[in-house]
Amino acid sequence: MKKIRTFCLLFGFAAVMLMPALLGRWASRFALSGVSETAAFPDLTMEGILSGSLQETLNTWYSEHLPGRDLMIKLRNQAIFSLFAKSPNSNIVIGKDNVLFEKEYILKYEKYYPPVTREYTEELCGKLTQIQEKLNERGKEMYIFITPTKVRYYEEYVPDCYIRANRFPNELGNYEQFTATLSQYPLHVYDSIPYINQRMESADFPFYYKTGSHWSWMLSLEVTADFVRYLNTESRFSFPEITTTVHPVAEPLHPDADIFQLLNLFIRPYDTYFQADLIANPRTDEGPNLFCRGGSFMGQTIAPLISNGYFNQDTYIENTLVTHNRFTQSSNFSDYSEIDLKQEIDQADIIILEVNEAHIPVMSFSLIDYIIEHPEILSE
């Protein structure tokens, strides 16, 4: 009996020690989704050995390069998700009926974070008006494009604890405060939310998927078509009308399951998905030149117009990515000084600033302030 117990202990110890090597054979099949920083192999120095820092950094490096690490993380995440109905990613919230949300968007919409003040939106609109006037003097058009968050239309699926966490119940939300202030300024604004609210009455497709943070392609392209109708009313340029087609697909298209992927599970995305295609008539002229700045929601609305030749030249800036010539040239930047903004705006006929309602407090990610601080950008 003692020998059997000793054998079992030795076998178990050997299995544990060899587990990384065994799992490493299949590790490539279970790559993790998301962005992470990987520790570099540390420099081997006597100072590091004596101070103990080398052992610490070696431990960090080994834990990140452990064979089979990705598989073990997915096993852990799947257990947390399936057995305890919890999110293994602290940035992702599992709502009712397994509807996923980014926590940031919930906290901003439910006013756990303080919403923007009237003073802030007046200052922001004053800066935007100043920029628009300078652009108008040069024959350029500027448009503000407002997009919604998933929480606005799927709030009923948000866990009750977040609804109760509202710390500023008597204050207007970011969107409500911003649009109230915008109405007092001579700015050209396309707000997609009233159109979506109206479309809700007859829509027969999902606005957002359970597994995604961004709106569905059906909704985004319908908003694109409505934006084109708006431009044909407000702009001196004309744009071909847009229609869309829809058909079901077996697998989600990006970004239909973008936050589901960040959970790093074994199961497949759990919704019914569709593909929407934009159908546009060809231009009869070369079209205006475009400069646009915004976040990821712009990729499902303005990007299709660029890809379908609605603009002659284009500068598209999404987060830290800047592209030109229908996305055939791209680069990343960390500071606006790395971009020749004067040249980019000089060539543009139309400037579009997209802002998601959650990001109104940081609209255009400092671009507005940068232009105000560098008036030569808008000069002749």
Side-chain angles (χ1 to χ4, degrees), residues 34-35 80-81 84-128 144-185 187 189 191-197 200 207-215 219 255 258-260 262-263 294-298 319 353-369:
V35 179
I80 293 172
F81 182 85
F84 303 104
K86 301 293 184 181
S87 171
N89 185 323
S90 61
N91 297 316
I92 307 300
V93 172
I94 302 176
K96 301 169 187 176
D97 198 23
N98 278 347
V99 176
L100 304 181
F101 299 92
E102 288 188 69
K103 183 184 290 187
E104 173 195 5
Y105 290 113
I106 292 179
L107 295 178
K108 289 181 177 178
Y109 188 83
E110 300 300 343
K111 292 184 286 187
Y112 177 83
Y113 296 141
V116 293
T117 63
R118 177 75 179 193
E119 291 73 22
Y120 170 83
T121 54
E122 285 181 346
E123 181 181 4
L124 174 59
C125 289
K127 293 175 181 177
L128 289 168
I144 298 168
F145 189 125
I146 302 176
T147 57
T149 67
K150 180 178 183 176
V151 186
R152 173 171 293 276
Y153 295 104
Y154 287 72
E155 188 178 20
E156 62 188 288
Y157 297 100
V158 173
D160 295 336
C161 62
Y162 290 99
I163 306 294
R164 295 192 296 267
N166 188 330
R167 298 164 59 204
F168 304 91
N170 299 321
E171 297 186 22
L172 295 175
N174 289 328
Y175 167 78
E176 289 73 20
Q177 183 64 75
F178 185 44
T179 52
T181 307
L182 277 171
S183 64
Q184 307 301 314
Y185 288 80
L187 292 161
V189 181
D191 183 356
S192 65
I193 291 176
Y195 169 76
I196 297 172
N197 293 342
M200 285 182 67
F207 282 9
Y208 295 77
Y209 292 109
K210 291 182 179 181
T211 54
S213 185
H214 295 82
W215 47 16
L219 179 60
D258 54 355
I259 51 178
F260 172 86
L262 296 178
L263 295 178
S296 53
F297 280 80
M298 193 168 64
N319 298 326
L353 302 179
E354 181 270 335
V355 59
N356 185 267
E357 61 174 310
H359 296 141
I360 289 169
V362 291
M363 180 176 175
S364 292
F365 309 100
S366 301
L367 175 66
I368 295 166
D369 286 331

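For the single chain, residues carry numbers from 1 onward in sequence order. Only a predicted model underlies this, so the values are computations on that prediction, with no experimental measurement involved. What's counted below: heavy atoms across the whole structure, side chains too, no hydrogens, waters or symmetry copies.
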**Student:** Quick check: does any side chain N or O of Asn174 sit under 3.5 Å from a backbone N or O of Ile360, one acting as donor and the other as acceptor?
**Tutor:** no
**Student:** Flag the pair Thr211 / Ile259 as yes when at least one side-chain heavy-atom distance between them is below 4.5 Å, and no otherwise.
**Tutor:** no
**Student:** Go through the side-chain N and O atoms of Ser213 and Glu102 and say whether any donor and acceptor fall under 3.5 Å apart.
**Tutor:** yes
**Student:** Any ion pair linking Arg152 and Glu176 (charged N to carboxylate O, less than 4.0 Å)?
**Tutor:** yes
**Student:** For the residue pair Asp97 and Lys210, establish whether any side-chain heavy-atom pair is separated by less than 4.5 Å.
**Tutor:** yes
**Student:** With a 4.5 Å cut-off on side-chain heavy atoms, are Leu107 and Tyr162 touching?
**Tutor:** yes
**Student:** Are the side chain of Ser87 and the backbone N or O of Asn89 linked by a donor-acceptor pair below 3.5 Å?
**Tutor:** yes
**Student:** Between Lys111 and Glu171 (side chain of the first, backbone of the second, donor and acceptor by atom type, cut-off under 3.5 Å), is there such a pair?
**Tutor:** yes
**Student:** Which atom names give the shortest non-hydrogen contact between Thr147 and Trp215, and what distance separates them?
**Tutor:** CG2-CH2, 3.7 Å
**Student:** Give the C-alpha distance, both sets of side-chain angles, the deciding distance and a yes or no for side chain to side chain contact (heavy atoms under 4.5 Å, CB included) between Phe145 and Val355.
**Tutor:** CA-CA 6 Å; Phe145 189 125; Val355 59; over 6 Å; no
**Student:** Looking at Lys96, I want to see if its NZ is surrounded by more than 12 non-hydrogen atoms of other residues, nucleotides or ligands under 6.0 Å.
**Tutor:** yes
**Student:** Should Ile196 and Tyr153 count as side-chain neighbours, where that means a heavy-atom distance under 4.5 Å?
**Tutor:** yes
**Student:** Would you compute the distance between atom OH of Tyr209 and atom CG of Asp258 and round it to the nearest 0.5 angstrom?
**Tutor:** 12.0 Å
**Student:** Could you walk me through whether Ile144 and Leu182 satisfy the side chain to side chain contact (heavy atoms under 4.5 Å, CB included) test, starting with their C-alpha distance in whole Å, then the side-chain angles of each, then the deciding distance to 0.1 Å, before giving a yes or no?
**Tutor:** CA-CA 10 Å; Ile144 298 168; Leu182 277 171; 4.2 Å; yes
**Student:** Keeping Lys150 on the side-chain end and Leu100 on the backbone end, is there a donor-acceptor pair under 3.5 Å?
**Tutor:** yes
**Student:** Is the backbone of Ile146 close enough, under 3.5 Å, to the side chain of Ser192 for a donor and an acceptor to pair up by distance?
**Tutor:** yes
**Student:** Which ring-ring contact (aromatic ring centres under 6.0 Å, His included) pairs, counting each pair once, include a residue from residues 105-126, with sequence neighbours left out?
**Tutor:** Tyr105-His359
**Student:** Does some side-chain heavy atom of Ile163 sit less than 4.5 Å from a side-chain heavy atom of Glu155?
**Tutor:** yes
**Student:** With Tyr157 as reference, evaluate Val151, Val99, Val93 under the side-chain contact (heavy atoms from CB on, under 4.5 Å) test and give the passing residue.
**Tutor:** Val99
**Student:** Less than 4.5 Å apart, any side-chain heavy atom of Leu172 and any of Pro115?
**Tutor:** no
**Student:** Please tell me if the side chains of Leu353 and Leu128 come closer than 4.5 Å, counting only heavy atoms from C-beta onward.
**Tutor:** yes
**Student:** Side chains of Phe178 and Met363, heavy atoms from C-beta outward: is any pair under 4.5 Å?
**Tutor:** yes
**Student:** Out of curiosity, Gln184 CD to Cys125 SG, how far, rounded to the nearest 0.5 Å?
**Tutor:** 9.5 Å
**Student:** Taking Asn356's backbone N and O only, do any of them form a donor-acceptor pair with Glu354's side chain (distance below 3.5 Å, no angle check)?
**Tutor:** yes
**Student:** Identify, with sequence neighbours excluded, every residue that meets side chain to side chain donor-acceptor pair (under 3.5 Å) alongside Asp369.
**Tutor:** Lys127
**Student:** Any side-chain donor-acceptor pair under 3.5 Å between Gln177 and Thr117?
**Tutor:** no
**Student:** Determine whether the side chains of Asp191 and Tyr175 contain a donor N or O and an acceptor N or O closer than 3.5 Å.
**Tutor:** yes
**Student:** Might you point out which heavy atoms bring Thr149 and Ala358 nearest each other, and give the distance in Å?
**Tutor:** CG2-CB, 3.7 Å
**Student:** Can we call the ring centroids of His214 and Phe297 under 6.0 Å apart?
**Tutor:** yes
**Student:** Within the distance-only criterion (no hydrogens, no angle test), does the side chain of Tyr185 pair as donor or acceptor with the backbone N or O of Gly126 below 3.5 angstrom?
**Tutor:** no
